[in-house]
Amino acid sequence: IASALVDINEAEQDETTKQERATRAISLLRHVLSLHPTDGDAAFNLALLLQDSSHTEDVTREAAKLYEIAVQAADLDGEEEDRWDALANMAAAKQELGDFLGPYGARRSYERSVVLLEALAKEYNANIDQMINDVDSAAREYDDEGFREAQMEVNSINAYLSKLYYGYGTVLSELTPSDCLHLMTEETLLMDTNDGNDEKSAKVVCETNALNAMRLAVDLDGNNVVAMHMLAAVTGGENEDGGYGGKERASNEFVSALFDDFADTFDEKLGALGYKVPQLIGEAAYDLLKMSNKETQTFASILDAGCGTGLAGRFLKSLVGGPLVGVDLSKKMLELAAECTLTKGCGLKEQDTIQNKESDERSRTPLYDKLASLDLETASLNELASGLTTVDPIDGFELIVAADVLVYFGDIQKLLLNFAKLSNGDDANSSFLIFSCERIKDEEAPPAGWKLQSSGRYAHSKSYVTEVAESAGFDLIGYEKIVPRLEKGVAVDGHLFIFAIGGDVEEDDDVHVEVETVMEEL
């Protein structure tokens, strides 16, 4: 019955009906497992339904256990080849949970699923070769449709293999030296572990195999933009002659793919990492209002560049008297930001959300006045202002913020030049720009002033940022070293910049209001 409900849902258009059927199917599958705890099919299908319904850590943990049941059942029945999908899904879930090692850990699961899929691809390729090279092929009608179907299947398998190799490579790159040494004692299907005799050499083995896996991912699917970007990050952008030739920015395709996949769990995961940039942006914007002594104590307009799900928007809304516009490449992130109102979403915790206020105008008022999917290097004022219902047409933004956005740009010259075009500062009045970067010391930075790190994010030196900003017409009026978040329990080095363009504003290091005061006054 559960399977029938799932099948019917594939053609269902009404979301409420789909949700009701999915909930019923989940209940039925849980009942099956209560009667037969080792039923692999029930466990696999329940895991799929749970992950379709939610992406929380608790659901991921339960799904990983269910996939493990499915894999163990297949192992007992000798039907391993029929459960490569459970192995692949389990690998991804275990990786997300940081469960890398052991017979059912992410590393081993990726290896097993790769081996099974490669065998399947080999089978299809053999059939294709037979179609082409069969001695009797000239005497019979060529099966063009069969050839195309087989080739499409191989391409599909290769695309999935590309994702698996990418996942496998990232797991190997994330292992600590001690984990790598332990791995040298485990059975592996894709690695040569003979050279890993101590922690140092074992880590080299992991990194070498991670690099090879990334390269295979790119070779198997040239459209895997995430693998392409991370391969560049793992190699560090170094040329064969030892020079630095890193990518100048992450591609639009990479950013879109990364954050579309990340959208549903974005707020939760960043919260677990102690992510502070939206809060720091809010503090800095409030500081500017205090420092500028504006009569209205609000900005006329704000552009949230790279707004994501709207975490910074929550801090900015009450600081703007006119439009708050959000821009992002990820359409899924924008869909979540569009759901935010003055009383819910965009970083507002569920227990703080105002309930039962459907009749309250604030509960129906969107947090953002406009959201758009645009490239920040080329977005025009016409595109950003189009459709805004303002009394006076805006001739630019009084404040532009970019929270953790420049980590996907190496060379920031085009970006800051466009920010200058989008600002409304003139000889009489200033407009402002606030953004964060990951920090690299001037003496450690490449000649370019920026570097693509192994994390896939860019770091910039202070001197490089200020030089480029000044060449675009901005004046530095505030600077602070910050810790934007934790990564594997370690503080990430970052810095926050505040620039002005136009008018006559001087740097003032004494004005700063903590976020608690900001939110109380807002």
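This is a predicted model, so every value here is computed, not measured. Positions are given from 1 along the sequence.
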Review item, side-chain donor-acceptor pairs of residues 166-174, under 3.5 Å, at least two apart:
| from | atom 1 | to | atom 2 | distance (Å) |
| --- | --- | --- | --- | --- |
| Tyr168 | OH | Glu111 | OE2 | 2.5 |
| Thr170 | OG1 | Gln95 | NE2 | 2.7 |
| Thr170 | OG1 | Tyr166 | O | 3.2 |
| Thr170 | OG1 | Gly167 | O | 2.7 |
| Ser173 | OG | Gly169 | O | 3.4 |
| Ser173 | OG | Thr170 | O | 2.8 |

| From Leu334, Val405, Leu374, residue fulfilling side-chain contact (heavy atoms from CB on, under 4.5 Å) relative to Val327 | Leu374
Please answer whether the main-chain N or O of [Y] pairs with a side-chain N or O of [X] as donor and acceptor at a distance below 3.5 Å.
X      : Y      : answer
Lys94  : Leu101 : no
Ser53  : Leu50  : yes
Asn9   : Glu12  : no
Asp369 : Leu324 : yes
His229 : Ser251 : no
Arg314 : Lys344 : yes
Ser113 : Ser109 : yes
His460 : Ile440 : no
Arg107 : Ala91  : no
Ser162 : Ala217 : yes

| So does Leu189 have more than 12 non-hydrogen atoms from other groups sitting under 6.0 Å from CG? | yes
| task | Give a yes or no on this: more than 12 heavy atoms of other residues, nucleotides or ligands lie within 6.0 Å of atom NZ of Lys276. | result | no
Would you say that [X] contacts [Y] through its side chain, given a criterion of any heavy-atom pair below 4.5 Å between the two side chains?
X      : Y      : answer
Leu231 : Arg215 : yes
Thr341 : Leu367 : no
Asn209 : Leu190 : no
Met228 : Glu253 : no
Asp404 : Arg485 : yes

Looking at residues at least two apart in the chain, or sitting in another chain, which of them share a ring-ring contact (aromatic ring centres under 6.0 Å, His included) with [X]?
X      : result
Tyr104 : none
His182 : none
Tyr67  : Phe44
Tyr408 : Phe259

Shortest non-hydrogen contact from [X] toward [Y]:
X      : Y      : value
Ala284 : Leu496 : CB-CD2, 4.1 Å
Ala202 : Met184 : CB-CG, 3.9 Å
Met90  : Glu68  : SD-CA, 3.4 Å
Val32  : Ala42  : CG1-CB, 3.7 Å
Ile281 : Ala402 : CD1-O, 4.4 Å
Ala25  : Leu5   : N-CD1, 3.9 Å

Can [X] and [Y] be counted as an ion pair, charged N to O under 4.0 angstrom?
X      : Y      : result
Arg61  : Glu57  : yes
Lys18  : Asp52  : no
Glu186 : Arg108 : no

| Listed by chain and number, what are the side-chain contact (heavy atoms from CB on, under 4.5 Å) partners of Pro278, not counting sequence neighbours? | Tyr275, Leu311, Ala312, Phe315
| Partners of Thr23 by side-chain contact (heavy atoms from CB on, under 4.5 Å), sequence neighbours excluded? | Gln19
Please report the interatomic distance [atom1]([X]) to [atom2]([Y]), rounded to the nearest 0.5 Å.
X      : Y      : atom1 : atom2 : value
Asn45  : Leu33  : CG    : CG    : 10.0 Å
Asn89  : Leu48  : CG    : CG    : 6.0 Å
Lys481 : Arg439 : NZ    : CZ    : 5.0 Å
Asp219 : Leu161 : CG    : CG    : 12.5 Å
Arg24  : Leu49  : CZ    : CG    : 13.0 Å
His36  : Ile69  : NE2   : CD1   : 13.5 Å

Not counting sequence neighbours, which residues clear salt bridge (Lys or Arg N to Asp or Glu O under 4.0 Å) with [X]? List them please.
X      : answer
Asp221 : none
Arg457 : Glu438, Glu487
Asp41  : Arg83
Asp179 : none

| Applying disulfide bond (SG atoms under 2.5 Å apart), which residue pairs with at least one partner in residues 171-217 are found, sequence neighbours left out? | Cys180-Cys206
